[in-house]
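Step one of this worksheet: look at the structure below.
Reminder, nothing fancy here: chain letters follow the sequence lines and each chain counts from 1. Side-chain atoms are counted along with the backbone in the values below, which use heavy atoms only and exclude waters and symmetry mates.
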Number of protein chains: 2
Amino acid sequence: MDGVPQPTIERLVIYYRYLKKLVAHDDDKVISSLDLGHSVGVSAAQVRKDLSYFGEFGCKGVGYNVSNLKKSLEQILGFNQNWPIVLVGAGNIGRALVNYPGFKVMGLNIIAIFDCDLDKIGNRVGGLIVKSNKEIERVIKDKGVELAIIAVPVDEAQGVAEKLVKAGIKAIWNIAPVTLKLPDNVLVYYEDLASSLVTLTYRLSQKRLKARSN
Amino acid sequence: MDGVPQPTIERLVIYYRYLKKLVAHDDDKVISSLDLGHSVGVSAAQVRKDLSYFGEFGCKGVGYNVSNLKKSLEQILGFNQNWPIVLVGAGNIGRALVNYPGFKVMGLNIIAIFDCDLDKIGNRVGGLIVKSNKEIERVIKDKGVELAIIAVPVDEAQGVAEKLVKAGIKAIWNIAPVTLKLPDNVLVYYEDLASSLVTLTYRLSQKRLKARSN
DNA sequence: GAACTTTAGAGAATATTTTCACAAAAAAAG
DNA sequence: CTTTTTTTGTGAAAATATTCTCTAAAGTTC
Ligand SMILES: NC(=O)c1ccc[n+]([C@@H]2O[C@H](COP(=O)([O-])OP(=O)(O)OC[C@H]3O[C@@H](n4cnc5c(N)ncnc54)[C@H](O)[C@@H]3O)[C@@H](O)[C@H]2O)c1
Ligand SMILES: NC(=O)c1ccc[n+]([C@@H]2O[C@H](COP(=O)([O-])OP(=O)(O)OC[C@H]3O[C@@H](n4cnc5c(N)ncnc54)[C@H](O)[C@@H]3O)[C@@H](O)[C@H]2O)c1
């Protein structure tokens, strides 16, 4: 059940969202890897290979039962579990994330938001009240939280990360564009918005160069 | 100059940020691939390979001149160019992105923000006034904009994307979690925040399973 | 200035991920 | 009931990306 490529997991989420839309519209009872792939911009072979890491979900000559496949993906991706999450940094990005309703359907629940700025502590963000950093450890331990989001300025991220790990956090999603130095047993995933955008400008330049040389 | 791995570009941005910090602190005149790599969580070989796609920047037995390498990366990544960008959707994420000062140093300039909600049009976001969707085409053509960010709800994204492409947009950074159907010559990069988080919960589950089976 | 140390660059070897190709199962057509 | 069509699942092949290994250049030590 391991040895699953990283990109496969991300694509499963994409398949899931499309299937959910189909179920909601009661559009189709069954879908082929070709149609599913085409709908989400992935090859049919890739769809089948991605699913094959987890078992057999389709029927030869027919395709996949939409509703069942959706349920299987929920199971695989852990959407029926509850993942309590704490978020540090009640700034622009932090507030956007807390206000976003799309995480809940995936079992992702931001249960607390922390900040060190006295002007922000006590404010309401989404359904939460911004708490002081001083409560980080207590909340994490009380609720047995393993996953945290870091949305503080670059220079604060390392310190916040260490505090989180000390409190028991096992995985961090870091939006601050800085590499964290943490024990190997802590999972860290970097969400680097600027570098994604730069990839796009880079490819745009490449295309221009190629066009010019033709 | 092509055939550069996608991940290499993203890492170059990471190297760049670290070098910028060194230059600002006047910390080091020279850095080895080992030190640079170690600082940003990448192997030394990876650092050297990444740079080798673009030329020779180091000195054997010595390392890389920090300031020169930073300048070379600026050149490679197009940070000294001006990339005007339009953003559609003055919601939570859209406003966060416009307010973020970190894009400017990479030549990324959000020059206009659009929304269709009358309550939002006319509001100030960062240094910009939210404009009506009706002005999208005019602004893009007037300013020769090629790059757009989509930050509207899922169901609106396809329509907005088509409007942008018709106005001349060549590359889209889509934050709405939905696959866009656009002509092949339009570059699309998806920023899927939820799927990143799910990858993390998935890996966390895996680790738990592995720990339990030991 | 000879021997040693450090470190970039590059090609080879590995590892990872995607695509291909086809057998086998299910359904549909004849 | 046989043939044809559809479509999955999978092992092999291809493509992509990373790591290893070694050479040679630059600097340092003695
Ligand atoms: N806003 C964006 O679009 C964007 C894009 C890319 C990256 N980022 C990164 O995301 C992070 C947050 O960005 P933002 O725009 O939300 O910034 P922001 O300044 O709006 O918010 C940062 C928040 O963190 C709080 N904070 C500072 N130090 C803290 C600490 N030690 N403990 C707890 N809270 C602390 C501040 O009080 C503030 O509320 C930054 O690292 C930024 O580089 C943001
Ligand atoms: N906020 C998050 O943390 C988050 C996380 C993941 C994904 N997303 C995605 O990002 C997108 C935006 O999220 P958000 O939280 O900012 O939502 P939001 O509701 O706060 O903002 C959406 C904005 O788009 C505007 N809009 C709607 N239709 C439009 C149209 N046709 N043309 C122009 N403007 C239009 C709305 O008026 C609103 O201002 C959504 O697709 C969401 O799924 C957001």
Residue pairs passing the side-chain hydrogen bond (donor to acceptor under 3.5 Å, both in side chains) test with at least one member in residues 143-156 of chain B, sequence neighbours excluded, are A:R208-B:E146
For the side chain of A:Q158 and the backbone of A:K181, is there at least one donor-acceptor N/O pair under 3.5 Å apart?
-> yes
Taking atom [atom2] of [N] as reference, at what distance in whole Å does atom [atom1] of [X] sit?
X	N	atom1	atom2	answer
B:L51	C:dG9	CG	C1'	11 Å
B:F54	C:dA10	CZ	C1'	16 Å
B:F57	C:dA8	CZ	P	13 Å

A:E74 meets the salt bridge (charged side-chain N to carboxylate O under 4.0 Å, His left out) criterion, sequence neighbours left out, with A:K70
Q) Would you say B:R48 reaches C:dG9's phosphate, i.e. side-chain N/O to OP1/OP2 under 4.0 Å? A) no
Between B:D35 and B:A45, the residue closer to the 5' end of DNA chain C by nearest nucleotide is B:D35
First and last nt of DNA chain D near chain B, cut-off under 4.0 Å to heavy atoms, 5' to 3', are D:dA17 to D:dG27
Tell me, please, which residues at least two apart from [X] pass side-chain contact (heavy atoms from CB on, under 4.5 Å).
X	result
B:N185	A:K207, B:P183
A:T8	A:V4, A:P5, A:R11, A:L12, A:D50, A:Y53, A:F54
A:A194	A:D192, B:R17, B:F103, B:M106

| task | Using distance alone, with no hydrogens and no angle criterion, decide if B:E10 and B:Q6 have a side-chain donor and acceptor under 3.5 Å apart. | result | no
[X]: what forms a side chain to side chain donor-acceptor pair (under 3.5 Å) with it, not counting sequence neighbours?
X	answer
A:K29	A:D26
B:N109	B:N82
B:W173	B:E191

With sugar-phosphate taken as primed atoms, P, OP1 and OP2 and all else as base, the protein-contact string of nucleotides 23-30 of chain C at under 4.0 Å (heavy atoms; B, S, -) is -BBSS---
Table please: side-chain donor-acceptor pairs of residues 33-42 of chain B below 3.5 Å, with sequence neighbours left out.
{"from": "B:S33", "atom 1": "OG", "to": "B:R48", "atom 2": "NH1", "distance (Å)": "3.0"}
{"from": "B:S39", "atom 1": "OG", "to": "B:Y18", "atom 2": "OH", "distance (Å)": "3.0"}
{"from": "B:S39", "atom 1": "OG", "to": "B:D35", "atom 2": "O", "distance (Å)": "2.8"}

Enumerate all atom pairs, one protein N or O and one N or O from nucleotides 12-18 of chain C, separated by less than 3.5 Å.
{"from": "C:dT18", "atom 1": "OP1", "to": "A:R11", "atom 2": "NH1", "distance (Å)": "2.9"}
{"from": "C:dT18", "atom 1": "OP2", "to": "A:R11", "atom 2": "NH2", "distance (Å)": "2.7"}
{"from": "C:dT18", "atom 1": "O5'", "to": "A:Q46", "atom 2": "OE1", "distance (Å)": "3.3"}

